[in-house]
Chemist: 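One structure is given below, represented as structure tokens, and several questions about it will come after.
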Protein chains: 2
Amino acid sequence: MASTPTAPDAPAVIPRDGGASERVAEALRTAILHGEYPPGTRIRQEDVAAQHGASRLPVREALRLLEAEGLVRLVANTGAWVSSLNLDECDELYRIRERIEPLLLTYSIPALSDDAIAELGALAARMEAGVAVEEFLELDHRFHLATYSGARTLTLGETVERLWNRTQHYRRLYSLGLDADSNRIVHDEHHMLVRAIESRDADDAERVLAGHIRRTRLELARHPHIFD
Amino acid sequence: MASTPTAPDAPAVIPRDGGASERVAEALRTAILHGEYPPGTRIRQEDVAAQHGASRLPVREALRLLEAEGLVRLVANTGAWVSSLNLDECDELYRIRERIEPLLLTYSIPALSDDAIAELGALAARMEAGVAVEEFLELDHRFHLATYSGARTLTLGETVERLWNRTQHYRRLYSLGLDADSNRIVHDEHHMLVRAIESRDADDAERVLAGHIRRTRLELARHPHIFD
DNA sequence: GGTCTTGAGATTGGATGCAATCGCCCGTAC
DNA sequence: GTACGGGCGATTGCATCCAATCTCAAGACC
């Protein structure tokens with residue numbers, strides 16, 4: 001993942017695009033979300049600093065940022081660990097999502113272009129065709145983000161994104177235990193959602209989405225071994 | 001103000017309770033919430049550092065924290081300003097609250113002690129007795145927090161608190177334009193909420209609370225001059 | 001043999017100094 | 001008179017260094 005930009009004469013890995021803190025935070029975030037740092041992993045500032053060719057200072061700020069996002073837990077004078085969730089905590093996050101994602105969808109629907117809606121159907125179809133777990137997660141994320149892409153919100157979109165990120169690890173574990181048939185309902189729900197969006201029926205779309213999230217929450221609760 | 005660090009082992013002015021970053025963040029947060037730093041105010045790192053007898057480093061981390069909370073806006077290489085909201089953004093935050101605060105209430109109600117519920121009635125009565133604006137805001141905040149005090153959540157309580165904080169300034173401006181009569185509905189809603197909680201009827205309490213927040217949002221929209 | 005204490009090592013937290021960047025003002029050309 | 005460009009001051013961003021704190025393990029005492 002560590003992209004080495006083709007620097008002409010500078011051996012430094014630092015492309016100096018934006019702030020170093022943001023770059024380190026972004027790198028850590030994607031690493032955590034891709035499962036390279038599983039929950040409970042300790043994160044040492046010095047290691048990350050050396051890994052990114054920066055000092056510990058931007059790393060500390062990045063860790064603060066990730067802590068605010070809920071991806072990392074900081075203990076004063078002790079260290080940082082990748083956040084882990086138990087079933088109850090994951091359940092809570094899903095209940096929050098169940099309430100606010102429909103709202104985000106309502107923000108989005110009036111502003112979605114016809115092209116964007118067409119893209120939704122394509123994404124749903126690709127997932128239905130049967131893909132590997134990691135790609136399924138990726139497509140599922142992109143699908144739902146696409147349904148929200150019309151929303152121009154100050155906070156809501158970001159809040160939803162953070163909730164997704166915090167449960168990403170357990171969604172992966174759950175998906176690993178599924179066969180193709182188990183996803184039948186998911187695909188049906190996705191198509192129902194696309195149809196509701198196509199007809200610009202925000203209320204119906206809210207209902208379908210809330211049910212989708214709610215069902216996923218109940219499914220997760222039926223597999224508590226994931227949280228050991 | 002400026003503590004002279006020349007003494008090696010002299011008694012530091014700093015009580016050294018927790019991390020300096022948290023202390024600075026807490027101080028800035030309360031200052032912003034109390035209206036000492038109105039929206040749009042520029043925050044210079046050096047000033048804050050000197051003001052708290054610390055270096056700029058903890059100040060930077062505090063600003064990062066407050067940015068994540070939405071109270072401060074940071075622009076790279078430029079500076080930090082106290083966040084300001086327009087009507088649409090404030091409306092969005094209220095719509096989010098309308099969806100998730102009822103959920104938090106449902107988490108709380110089963111675990112509320114009878115003493116805590118009695119305290120609710122007392123707070124509602126004190127507000128009704130007629131108090132100055134700043135005290136009204138304080139009591140209102142304490143009242144609603146008390147209704148949530150039974151909830152043992154990972155994220156939801158903190159999220160709600162942040163949403164309150166971000167709209168605090170505009171709630172104050174709105175309250176300043178009210179006479180005693182205009183608060184009649186507010187008091188009625190508070191008492192309805194207390195009664196629903198007393199009977200441990202979470203569904204009814206959710207309905208009352210959602211209506212309370214929704215009505216407040218509509219009231220704010222009727223006073224757009226607040227956001228100039 | 002078990003438990004408390006104490007020390008060294010490791011790791012984080014904070015302060016200072018320097019480099020990079022941005023905004024502003026003034027001078028100049030058109 | 002106005003618009004553009006260069007330089008200067010101010011402020012932020014990052015690296016290095018030092019202090020404070022925690023962890024962990026070995027040893028002494030009960």
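Within every chain, numbering begins at 1; the chains are lettered A, B, ... in the order of the sequence lines, protein sequences first and strands thereafter. Given the structure is predicted, the values throughout are model-derived calculations rather than measurements.
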Chemist: Could you list the donor-acceptor pairs under 3.5 angstrom formed by side chains in residues 70-80 of chain A, with sequence neighbours left out?
Modeler:
from: A:T78; atom 1: OG1; to: A:A76; atom 2: O; distance (Å): 3.0

Chemist: Under the side chain to side chain donor-acceptor pair (under 3.5 Å) rule, collect the residues that match up with B:R97, sequence neighbours excluded.
Modeler: B:E101
Chemist: Polar atom pairs between nucleotides 10-13 of chain C and protein, under 3.5 Å, N or O only, would you list them?
Modeler:
from: C:dT12; atom 1: OP1; to: A:Q45; atom 2: N; distance (Å): 3.4
from: C:dG13; atom 1: OP2; to: A:Q45; atom 2: NE2; distance (Å): 3.1
from: C:dG13; atom 1: N7; to: A:R56; atom 2: NH2; distance (Å): 2.9

Chemist: Take atom CG of B:L57 and atom C1' of D:dT16, then tell me their distance rounded to the nearest Å.
Modeler: 12 Å
Chemist: According to the salt bridge (charged side-chain N to carboxylate O under 4.0 Å, His left out) rule, which pairs have a member within residues 30-42 of chain B, sequence neighbours left out?
Modeler: none
Chemist: List in chain and number order the residues that pass side chain to side chain donor-acceptor pair (under 3.5 Å) with B:Y174, two or more places apart in sequence or in another chain; answer none if no residue qualifies.
Modeler: B:E219
Chemist: Could you work out, with side chain to side chain donor-acceptor pair (under 3.5 Å) as the rule, every residue matching B:H190, not counting sequence neighbours?
Modeler: B:D140, B:H144, B:H212
Chemist: Check the distance between D:dT12's C1' and B:L63's CG and give it to me in whole angstrom.
Modeler: 11 Å
